[in-house]
There are 2 protein chains.
Amino acid sequence: MDKPPAPSRRITIVDVAQHARVSTTAVSKVLRNAYGVSPTMQAKVRQAIAELGYRPSAAARGMRGQTYTIGVMLPDIRNPFFAEILDGLNDHLADTDYQVLLGPGCNGEEAEAKVTHAMIDRSMDGMILIAPVSSRAHLEHVARTVPTVVVGRHGRSATYDTVADDDFAGAGLVVDHLADLGHRRIAHIEHHETDPDRLAEMPNAIRADGYQHAMRARGLAGEIDIASTSYTQEGGYLGAQQLLARPVRPTAIFAGADIVAMGALDAIAEAGLRVPEDISVAAYDNTTFAAFRPISLTSVDQAGHQIGRNAARLLLDRIADRQRPATQIKLSPTLVTRRTTAPPPA
Amino acid sequence: MDKPPAPSRRITIVDVAQHARVSTTAVSKVLRNAYGVSPTMQAKVRQAIAELGYRPSAAARGMRGQTYTIGVMLPDIRNPFFAEILDGLNDHLADTDYQVLLGPGCNGEEAEAKVTHAMIDRSMDGMILIAPVSSRAHLEHVARTVPTVVVGRHGRSATYDTVADDDFAGAGLVVDHLADLGHRRIAHIEHHETDPDRLAEMPNAIRADGYQHAMRARGLAGEIDIASTSYTQEGGYLGAQQLLARPVRPTAIFAGADIVAMGALDAIAEAGLRVPEDISVAAYDNTTFAAFRPISLTSVDQAGHQIGRNAARLLLDRIADRQRPATQIKLSPTLVTRRTTAPPPA
DNA sequence: ATGAAAGCGCTAACAT
DNA sequence: ATGTTAGCGCTTTCAT
């Protein structure tokens, strides 16, 4: 029952095999829950593993089989929304032999390429790419090399599965909510996009589409007003400044992301206006801070947890069968109304 | 100049050696910038690598040498403060051959053990543990196995290096600021701790110590008042409720972390009090949301970026020389005053 | 300075 | 059901 005497050399499968008086194959099979081991052997091997405190080397396993490691790439570790997705992932993966490792936050195609390559070099068994901005070609390349699930990006592919939130519908929720309150001049701050792939696939572009579609559906086509900046605090600040300078000022602003709303609130306060009395603000993501009392931001909640769970499930399915046809899952967002939205000034 | 024709088989060092008409040893040496390769050979090999698009397999490298991978364990991916540290890390590591991979957020000793083991199994060349709660014994065990730097936890060890913020001084900054404003009844919400190791080493415990020390130094020993809950939003809510129920209410609350302040603001608002007119609130971490206009929280800023850079530097030093004596680095925090602190009501 | 060859710890054919 | 053995792609002696 005492610990093995300070083993400077790591315990290997050979040690376990000798200790259990069986072959290394037997140990390997037990490790992988593979077919063809008697209960007796199972027991012997498991006991030897426990007694010696053996842990398989992922590097060695990776040379021949799997590494039991799943790589997750996410663009911005600061966005708490991604943490929700990770929780969902881990929920599903906790009971499996797989271990999740995250790439450090990426911004831009170059950084994404570096991380995806690094993960491929490290023989990840599967990869989950969250809201990647890389070209489709790169995504397909990655997915051809290793089982891949792309999260938070629309557009179907034959080589990878996708899980995304219905951003089009989410934008509609915001417009409907504001229009129901009586707003007509509802403006939008979007993340500027020119790349055709991304215009068709990135959530920011879909949200802008959804905004316009919903405005038209409410008979507000003439009121459509978009400030095109970026999904950053500064983007929100500049975007709101632009909108407030219009001849006829909007009575409500739909910011494409919560962080954008933070910048917009700055600009609105500087302009001497009150929220929501003078102007309403709604956003997207329902990040943790949206719920903080001083902020109390009306925001679209993406089912982050569910997104993560589904991504994990799809990935394990694909690892099991790489030929399986690609699946697209689209989840429905909900609107959380708080204190930044109210009827327009009389 | 055309791409190699869709290599289903990954390019190996052998392919490169043949293409360059040299030995695999030569290629390996070039890869590792090892001693004993002529410039001619360098050039030939590098060209072959580029032409074939060769990338070394980390798994295979890990069997004999290094994996060029550094594992980072952090407790809570939602805390933006940790993102600062990561940025600092990446700054220093970007120019090296090392790749950072993060463990998923950990909470509690068990999860930390799982992640640290997973990283050891994956032959990480080094590990950075951010604010770990594990026992010293476990930390020492990890550090004996692989070069390790512990960040955000006090207490010196002979086996691992540490980088921490001076939490004792940081707490003093808060108390001094509030006392300078004229406050006397300055209360503190701490994260409850009983484990002796952690009482001596964890930032939350040191902050509570620093608070008491500073109060005494200002002649406010009699005003010391601590609510012992946890570093969570709920902990802040409950802690503030306790403090507001005192016979003599505090005029200022020092929350041990920004997230704690968010909960405290809830309780204060529910009690019908205004911040900062009726009661001041200051906190610790200067997380991103502390700066958001509706929040504008006075908070202690830890030099997260610098912490990260230093941790990376120490780790590379230790990887280069595992016998080097352990180093402790302590950085100085600063106070960022915003709109949640003001003189006490008259 | 260069190369041949022996492993690293595992998995997977292939026996038995 | 169990064991033997040949690699996986590198790094590292050790010759030359």
Side-chain angles (χ1 to χ4, degrees), chain A residues 7-46 48-49 52-69 97 120-125 145-146 319, chain B residues 7-46 48-49 52-69 97 120-125 145-146 319:
Chain A
S8 65
R9 187 180 62 78
R10 207 181 146 106
I11 308 273
T12 74
I13 201 173
V14 177
D15 300 318
V16 176
Q18 285 175 348
H19 191 88
R21 308 189 156 285
V22 299
S23 71
T24 58
T25 305
V27 180
S28 176
K29 285 191 168 187
V30 170
L31 249 36
R32 292 172 290 120
N33 301 308
Y35 174 82
V37 264
S38 67
T40 325
M41 177 140 286
Q42 276 267 357
K44 276 198 292 187
V45 171
R46 292 211 183 283
I49 288 177
L52 296 177
Y54 165 76
R55 297 189 58 97
S57 149
R61 301 182 97 172
M63 300 273 317
R64 304 287 287 162
Q66 311 190 183
T67 55
Y68 299 93
T69 311
D97 288 334
I120 292 171
D121 295 345
R122 284 159 185 77
S123 323
M124 300 281 176
D125 291 342
T145 311
V146 48
I319 289 173
Chain B
S8 64
R9 188 179 61 79
R10 206 180 147 103
I11 309 272
T12 74
I13 202 173
V14 177
D15 300 318
V16 176
Q18 285 174 348
H19 191 87
R21 308 189 157 285
V22 299
S23 71
T24 58
T25 307
V27 180
S28 176
K29 285 192 169 187
V30 170
L31 250 37
R32 291 173 290 121
N33 302 308
Y35 175 80
V37 262
S38 67
T40 325
M41 176 141 284
Q42 275 266 357
K44 277 197 293 188
V45 171
R46 291 209 183 285
I49 288 176
L52 296 178
Y54 165 75
R55 297 189 59 96
S57 149
R61 299 182 98 171
M63 299 273 317
R64 304 282 295 174
Q66 310 188 189
T67 55
Y68 298 93
T69 312
D97 289 333
I120 291 172
D121 295 345
R122 284 160 185 77
S123 325
M124 301 280 176
D125 291 343
T145 311
V146 49
I319 289 173

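Per chain, numbering begins at 1; letters A, B, ... match sequence-line order. The shown structure was predicted, so the numbers you read here are calculated from the model rather than taken from an experiment.
When rounded to the nearest whole Å, the span between CG of B:Asp121 and P of C:dG9 equals 14 Å. Look at CZ on A:Arg55: it is 15 Å from C1' on C:dG9, rounded to the nearest Å. The CD1 atom of B:Ile49 sits 14 Å away from the C1' atom of D:dG9 (whole-angstrom rounding). The CG-P distance, from B:Asn33 to D:dT11, rounds to 11 Å in whole Å. A straight line from CE of A:Met63 to C1' of C:dC8 spans 9 Å, rounded to a whole angstrom. Separating the CG atom of A:Leu52 from the C1' atom of C:dG9 is a distance of 15 Å, rounded to the nearest angstrom. Note: CG (B:Asp97) to P (D:dT11) measures 11 Å, nearest angstrom. When the P atom of D:dG9 is taken as reference, atom CZ of A:Arg122 falls 17 Å away, rounded to whole Å.
Listed by first then second residue, pairs satisfying salt bridge (Lys or Arg N to Asp or Glu O under 4.0 Å) with a partner in residues 12-23 of chain A read A:Arg9-A:Asp15, not counting sequence neighbours.
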Inset, instruction - Please step through side-chain contact (heavy atoms from CB on, under 4.5 Å) for the pair A:Asn33 and A:Asp97, ending with a clear verdict. - result: CA-CA 11 Å; A:Asn33 301 308; A:Asp97 288 334; 4.2 Å; yes
Inset, instruction - Go through the steps for A:Ile120 and A:Met124 under the test side-chain contact (heavy atoms from CB on, under 4.5 Å), then give the verdict. - result: CA-CA 6 Å; A:Ile120 292 171; A:Met124 300 281 176; over 6 Å; no
Legend entry - Candidate pair A:Arg46 and A:Val30, rule side-chain contact (heavy atoms from CB on, under 4.5 Å), full reasoning: CA-CA 8 Å; A:Arg46 292 211 183 283; A:Val30 170; 3.7 Å; yes
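One finds no side-chain N or O of B:Ser57 lying less than 4.0 angstrom from the OP1 or OP2 phosphate oxygen of D:dG9. Regarding contacts with the backbone of D:dG9, every side-chain N or O of B:Thr12 stays at 4.0 angstrom or more from both OP1 and OP2.
Among all heavy-atom pairs drawn from A:Asp125 and A:Thr67, the shortest one is OD1-N, 2.9 Å.
Nucleic acid contact class of B:Val14 (heavy atoms, under 4.0 Å, all strands): none.
A:Arg122 and B:Thr69 are linked by a side-chain donor-acceptor pair at a separation below 3.5 angstrom, with hydrogens and angles left out of the test.
The ring-ring contact (aromatic ring centres under 6.0 Å, His included) test applied to A:Tyr54 returns no partner, not counting sequence neighbours.
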Inset, instruction - Summarise how protein sits on nucleotides 11-16 of chain C as a single string, 5' to 3': B when a protein heavy atom is under 4.0 Å from the base, S for sugar-phosphate-only contact, - for no contact. - result: BB----
